[in-house]
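Remember, it's 1-based here, ligands and their atoms both numbered in the order they're listed.
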Amino acid sequence: MGDKFDFIREEMAALKESGLFIHLRTIGSAPGPWMIVDGKKVLNLCTNNYLGLATHPRLVQAAHEALDRFGVGPTAVRSIAGTLTIHVELERKVAEFKHVEDALYVQSGFCANQAAIPPLVGREDVIFSDRLNHASIIDGCRLSGAKIIVYEHCDPDDLEAKVKENLPNYRRGMVITDGVFSMDGDVAPLDKIYEVAERYGLITMVDDAHGEGVLGHGGRGIVDHFGLHGKFDIEIGTFSKAFGVVGGIIAGKKVVIDYLRQRARPFLFSNAVTATDTAACMAAVAVLSESTELVDRLWENTRYFKGEMKRLGFDVGRSVTPITPVMLGEAPLAQQFSRRLFEEGVFAMAIGYPTVPKGQARIRVMVSAMLSKDDLDYGLEKFAKVGRELGVISG
Ligand SMILES: *Cc1c(COP(=O)(O)O)cnc(C)c1O
């Protein structure tokens with residue numbers, strides 16, 4: 001006789017069989033260029049700490065000061081007694097940094113999508129969504145109850161065809177795209193998407209989680225990269241990647257942000273972000289506002305690493321950003337590659353279905369400004385060694 005959780009046992013066995021079971025590695029140090037993973041010191045090619053801000057002295061100092069002043073927890077949701085002076089100050093600073101009218105700080109980028117989408121569209125409405133949009137966008141769309149129509153990846157012509165055919169059947173429409181696609185490192189054609197949206201009066205939203213701190217002048221993000229200031233209604237962002245901290249941001253037109261303060265459910269029903277995190281976020285924005293040095297170094301490292309990987313014969317996909325997918329195909333090969341790299345002192349995780357489509361398993365390298373030329377060369381040497389050993393590259 002089986003029991004009621006046999007379905008779980010079967011599914012877990014299938015995951016292990018197909019090389020898709022996620023083995024958690026545990027981190028025993030700060031996410032610097034080298035870190036302790038499962039008790040071993042390895043080169044960090046894996047975290048989203050693009051600029052090294054997670055350990056930046058100014059962020060750490062700001063967090064310490066806020067901790068002493070505000071204590072450890074805000075102890076209320078933002079709309080009741082959880083809005084700290086520094087939450088409001090951070091929102092103002094981010095709005096300034098991104099050249100938008102207003103911004104709302106929420107618990108995470110994932111939360112930001114849950115917070116922003118459902119108040120704006122409902123059952124009578126339609127959302128046009130890029131095929132490869134992030135899971136948190138997809139969930140935010142589902143939560144809204146709106147009809148979701150998927151258009152082909154980064155394809156404004158397909159978007160337009162689908163808008164033309166479907167929009168008349170709904171009350172209003174919205175288009176949502178990732179800015180930088182997190183698994184491939186390609187960039188949405190935001191200017192073309194805006195033209196379509198403008199022609200049909202769609203609400204426009206872009207999730208810039210991997211673009212902030214990376215694209216645009218001094219890391220101001222994808223809207224800045226395309227010179228579309230004031231044209232995108234909502235920019236979703238996160239403080240958990242290039243900014244090195246945690247928290248989500250919804251930035252854009254004041255009329256929208258004011259409305260979300262009344263209607264966004266994670267804002268109304270879940271505790272505010274801690275003062276320590278908030279203060280660290282503010283210091284991150286200050287660091288980026290003052291100098292483009294870290295962003296410049298990130299791009300220098302990116303050009304070097306990707307150029308060398310291509311020269312070695314690796315397929316690094318269609319990335320145009322520091323995200324460097326090393327395409328391997330089948331999931332078991334990607335897992336084996338990652339394991340061998342780890343034995344050689346390099347931390348770079350394998351990524352498979354459902355995070356990426358079946359048959360497109362890969363190792364995703366995250367280039368960072370904090371890596372020295374020696375660090376990058378160490379990583380390249382190990383990639384070459386394991387690549388030859390597993391027959392991925394020749395020579
Ligand atoms: C990482 C990511 C998120 C989630 O951000 P968190 O702050 O980690 O919750 C949301 N959207 C996109 C596109 C992302 O890449």
Side-chain angles (χ1 to χ4, degrees), residues 27 31 46-51 53-54 59 87 90-91 94 98 103-118 127 129-144 150 153-154 175-188 190 193 204-216 219 221-223 225 232 234-252 264-267 270-274 276-278 280-281 284-285 319-325 349 351 354-356 362 364-368:
I27 315 300
C46 208
T47 62
N48 297 319
N49 193 11
Y50 285 106
L51 302 172
L53 288 176
L59 275 70
H87 288 140
L90 173 64
E91 289 171 344
V94 170
K98 291 182 77 81
L104 183 65
Y105 182 45
V106 295
Q107 297 87 343
S108 71
F110 198 102
C111 260
N113 279 311
Q114 322 295 298
I117 302 170
I127 298 171
S129 172
D130 186 287
R131 179 172 296 288
L132 295 186
N133 272 348
H134 189 262
S136 63
I137 301 179
I138 296 170
D139 287 7
C141 292
R142 287 178 180 157
L143 210 51
S144 75
V150 171
H153 178 55
C154 287
V175 58
I176 306 183
T177 183
D178 262 37
V180 176
F181 289 83
S182 55
M183 293 301 142
D184 292 286
D186 54 342
V187 172
L190 217 58
I193 289 170
T204 47
M205 178 167 149
V206 58
D207 183 339
D208 201 23
H210 280 279
E212 284 162 339
V214 176
L215 293 177
I222 191 169
V223 169
H225 173 79
F232 262 70
I234 304 124
E235 289 174 56
I236 298 294
T238 177
F239 284 100
S240 72
K241 288 171 179 147
F243 288 92
V245 196
V246 72
I249 200 83
I250 308 166
R265 291 167 72 84
F267 182 81
S270 181
N271 198 87
V273 186
T274 64
T276 35
D277 291 319
T278 309
C281 289
V285 174
S319 172
V320 292
T321 62
I323 296 169
T324 308
M349 284 292 267
I351 292 174
T355 310
V356 295
R362 65 200 65 184
R364 187 182 61 154
V365 172
M366 303 299 288
V367 179
S368 166

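Looking at atom 10 (C) of ligand 1, its nearest protein heavy atom turns out to be Ser136 OG, 3.3 Å. Among protein heavy atoms, the minimum distance from atom 11 (N) of ligand 1 is reached at Asp207 OD2, 2.6 Å. In this structure, the protein non-hydrogen atom closest to atom 8 (O) of ligand 1 is Ser240 OG, 3.1 Å. Of all protein heavy atoms, the one closest to atom 6 (P) of ligand 1 is Gly109 N, 3.3 Å.
In this structure, the separation between CG on Asp186 and OG1 on Thr321 is 7.5 Å, given to the nearest 0.5 Å. Annotation: the span from Ile137 atom CD1 to Arg142 atom CZ amounts to 12.5 Å, rounded to 0.5 Å. Remark: Cys281 SG to Leu90 CG distance equals 5.5 Å, nearest 0.5 Å.
Ring geometry for His87 versus Tyr105: interplanar angle of 30 to 60°, hence tilted.
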Pair Glu235-Ile249, side chain to side chain contact (heavy atoms under 4.5 Å, CB included): steps then yes or no: CA-CA 8 Å; Glu235 289 174 56; Ile249 200 83; over 6 Å; no
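A pairwise comparison of heavy atoms in Gln114 and Ser136 identifies NE2-O, 3.2 Å as the closest pair. For the pair Val245 and Asp277, the tightest heavy-atom approach, listed with the atom from each and the gap, is CG1-O, 3.5 Å.
Residue contacts with ligand 1: Gly248 is excluded, as none of its non-hydrogen atoms falls under 4.0 Å.
Near Phe110, meaning under 4.0 Å from one of its heavy atoms, ligand 1 places the atoms 4 (C), 5 (O), 6 (P), 9 (O). Atoms of ligand 1 lying under 4.0 Å from any heavy atom of His210, numbered from 1 in the order shown and given with element: 15 (O). In the vicinity of Asp178, heavy-atom distances shorter than 4.0 Å reach the ligand 1 atoms 13 (C). Here is the list of ligand 1 atoms found below 4.0 Å of a heavy atom in Ala209: 2 (C), 11 (N), 12 (C), 13 (C), 14 (C), 15 (O). Heavy-atom contacts of Thr238 reach the following atoms of ligand 1: 5 (O), 6 (P), 7 (O) (cutoff under 4.0 Å).
In this comparison of Gln114, Gln107, Met183, Lys241, the heavy atom closest to atom 14 (C) of ligand 1 sits on Lys241.
Each of Tyr50, Phe243, Phe239 was compared with Glu212 under the side chain to side chain contact (heavy atoms under 4.5 Å, CB included) criterion, and only Phe243 meets it.
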